[in-house]
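Nothing here was measured: the structure is a model prediction, and the numbers come from that model. Convention: sequence-line order gives letters A, B, ...; per-chain numbering from 1. Worth knowing before you read on, the calculation uses all heavy atoms, side chains too, and leaves out hydrogens, waters and symmetry mates.
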Number of protein chains: 2
Amino acid sequence: MTMEDGTSMSPGYCRDTDYDALQWDTREDCEVRQILDRIADKWSLLVIALLDQRSLRFTELRRTIDGVSQRMLTRTLRQLERDGLVSRTVYPAVPPRVDYALTPMGVTLHHTIRALVTWTEEHQNEIAHARAAYDIRAVAEQEGAEREAAERDAIAREVLAGGSRTR
Amino acid sequence: MTMEDGTSMSPGYCRDTDYDALQWDTREDCEVRQILDRIADKWSLLVIALLDQRSLRFTELRRTIDGVSQRMLTRTLRQLERDGLVSRTVYPAVPPRVDYALTPMGVTLHHTIRALVTWTEEHQNEIAHARAAYDIRAVAEQEGAEREAAERDAIAREVLAGGSRTR
DNA sequence: CAGTATCCCCATAGATACTG
DNA sequence: CAGTATCTATGGGGATACTG
């Protein structure tokens, strides 16, 4: 058991000392943080989405996801299994066969995540607009600052030239 | 404009060529990925949660969040502002005063996120159980493997000893 | 087939110092 | 007060090779 990942085994709860409803996310050993890190990592969400349709074998997942390395797929599946979101079934046979499926809890998580996906779909245009507007503003400010700097330079030069002339 | 972050400005949509409902998450330039990365990063969620109550100044956020560096808070706020989730208001005064607040879109995102938080709260015990069970199984398998290895060793030694005796 | 075991890179977080 | 600039360092994740 290499225990390569960091999720500590001992406490696992938000520090309840000084608990503040606003601080449920205060990093390290907070449950919300951990789940968020899991679903936001590069592959977990994909795996969950795929397994929602039907159970799949290791290689089926590997082929379907494309881009994932064996190492990462294994790690992802182990994490999900450890959290009770995915079940792993080994069929003793040659060649070996291992099926992965969503647990009931995994299914409920997927439902919840769908809400977020829906939100994103509904707001992607608004977000794109906001970004475009922001970038335009940023460019404008940039240019404004440069123009002001140039003006200050010009004035400074003029003053210096005038100073040497009046001397 | 340093453009330090990586979100590309050009396409911004999931590759629609060969679009597959299961592949909405296929990394890079996918909207879902980007939003997920945003809300899952270390500070954004905290900021959104705090601003949902009322608008706050830079230093108020900095003090309240504790652990966040100036650099990270600035970056987080800039990202959220660029995505149109947070608004930034500068009051020209000495000393300078800058207020941050959730935009209407930011509020809706916060609602959606709450669902995820609620899910986590409802399932944290189940997750903790699953982890404990998994870890126990892992230790058991570990020990089992070691015992088998020891047995194989013993048998191998016995065979060797017998072989030399019968010779 | 379904994994471990290793090595390595580089994208980010954090610390520190400076500024309008 | 509200930032920017610069440097360093940690670890997530990829490539590769090997195994029951």
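Distance CD (B/Glu60) to P (D/dA2): 8 Å, rounded to an integer number of Å. A straight line from CD of A/Gln70 to C1' of D/dT19 spans 12 Å, rounded to a whole angstrom. Remark: P of D/dG13 and CG of A/Asp66 are 17 Å apart, rounded to the nearest angstrom. The interatomic distance linking A/Leu77 (CG) with C/dC1 (P) rounds to 16 Å, in whole Å. For B/Asp37 and C/dA13, the CG to P distance is 10 Å, given to the nearest whole Å. A straight line from CD1 of A/Ile39 to C1' of D/dG12 spans 17 Å, rounded to a whole angstrom. B/Arg63 places its CZ atom 14 Å from the P atom of D/dG3, with the value rounded to the nearest Å. Rounded to whole Å, atom P of D/dG12 lies 10 Å from atom CZ of A/Arg38.
The A/Asp41 side chain lies nearest to D/dG13 when the options are D/dG3, D/dG14, D/dG13. Listed candidates were C/dT4, D/dG3, D/dC1. Nearest to the side chain of B/Thr59 is D/dC1. Counting only heavy atoms from C-beta on, B/Arg57 has its side chain closest to D/dC1 among C/dG3, C/dC1, D/dC1.
Contacts of A/Ala115 classified as side-chain contact (heavy atoms from CB on, under 4.5 Å), with partners at least two apart in sequence or in another chain: B/Thr112. Evaluation of the side-chain contact (heavy atoms from CB on, under 4.5 Å) rule for B/Thr118 yields B/Glu122 as partners, not counting sequence neighbours.
Taking side-chain N and O atoms only, B/Tyr100 has no distance below 4.0 Å to OP1 or OP2 of D/dC1. The shortest distance between the side-chain N/O atoms of B/Trp43 and the OP1/OP2 oxygens of C/dT12 is not below 4.0 Å. Within the structure, a side-chain polar atom (N or O) of A/Lys42 is placed less than 4.0 Å from OP1 or OP2 of D/dG14. Distances shorter than 4.0 Å separate none of the side-chain N or O atoms of B/Arg62 from OP1 or OP2 on D/dA2. Within the 4.0 Å cut-off from OP1 or OP2 of D/dG3, not a single side-chain nitrogen or oxygen of B/Arg97 is found.
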Checklist entry - Are B/Arg38 and B/Gln79 close enough, and set up right, to give a side-chain contact (heavy atoms from CB on, under 4.5 Å), and what steps lead you there? => result CA-CA 8 Å; B/Arg38 190 102 317 137; B/Gln79 314 248 60; 3.4 Å; yes

Item to check | Audit row: A/Leu36, B/Thr120, side-chain contact (heavy atoms from CB on, under 4.5 Å) steps and yes/no | outcome: CA-CA 9 Å; A/Leu36 219 51; B/Thr120 306; over 6 Å; no

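Judged by distance alone with a 3.5 Å cut-off, a donor-acceptor contact links the side chain of B/Arg71 to the base of D/dT6.
A salt bridge between A/Arg33 and A/Asp37 is present, with a side-chain N of the basic residue lying under 4.0 Å from a carboxylate O of the acidic one. Salt-bridge formation is not detected for the pair A/Glu81/B/Arg131: no Lys NZ or Arg NE/NH1/NH2 atom is positioned less than 4.0 Å from an Asp or Glu carboxylate oxygen.
Taking a 4.0 Å limit (strictly below) on heavy-atom distances, residues 83-96 of chain B reaches DNA chain C at B/Pro96.
Stem analysis of DNA chain D (Watson-Crick or G-U pairs, both distances under 3.5 Å, runs of at least three) returns C:1-20 with D:1-20.
Ranked by how close their nearest DNA chain D nucleotide is to the 5' end, B/Asp99 and A/Ala40 are led by B/Asp99.
For residues 55-65 of chain A, the pairs satisfying salt bridge (charged side-chain N to carboxylate O under 4.0 Å, His left out) are A/Arg54-A/Glu60, with sequence neighbours left out. Pairs of residues two or more places apart, or lying in two chains, that qualify as salt bridge (charged side-chain N to carboxylate O under 4.0 Å, His left out) and include a residue from residues 91-105 of chain A are A/Arg97-A/Asp99.
B/Asp83 has its side chain out of reach of A/Tyr134: every pair of non-hydrogen atoms, C-beta onward, lies at least 4.5 Å apart. Side-chain contact between A/Leu56 and A/Tyr100 is absent, with no heavy atoms from C-beta onward closer than 4.5 Å.
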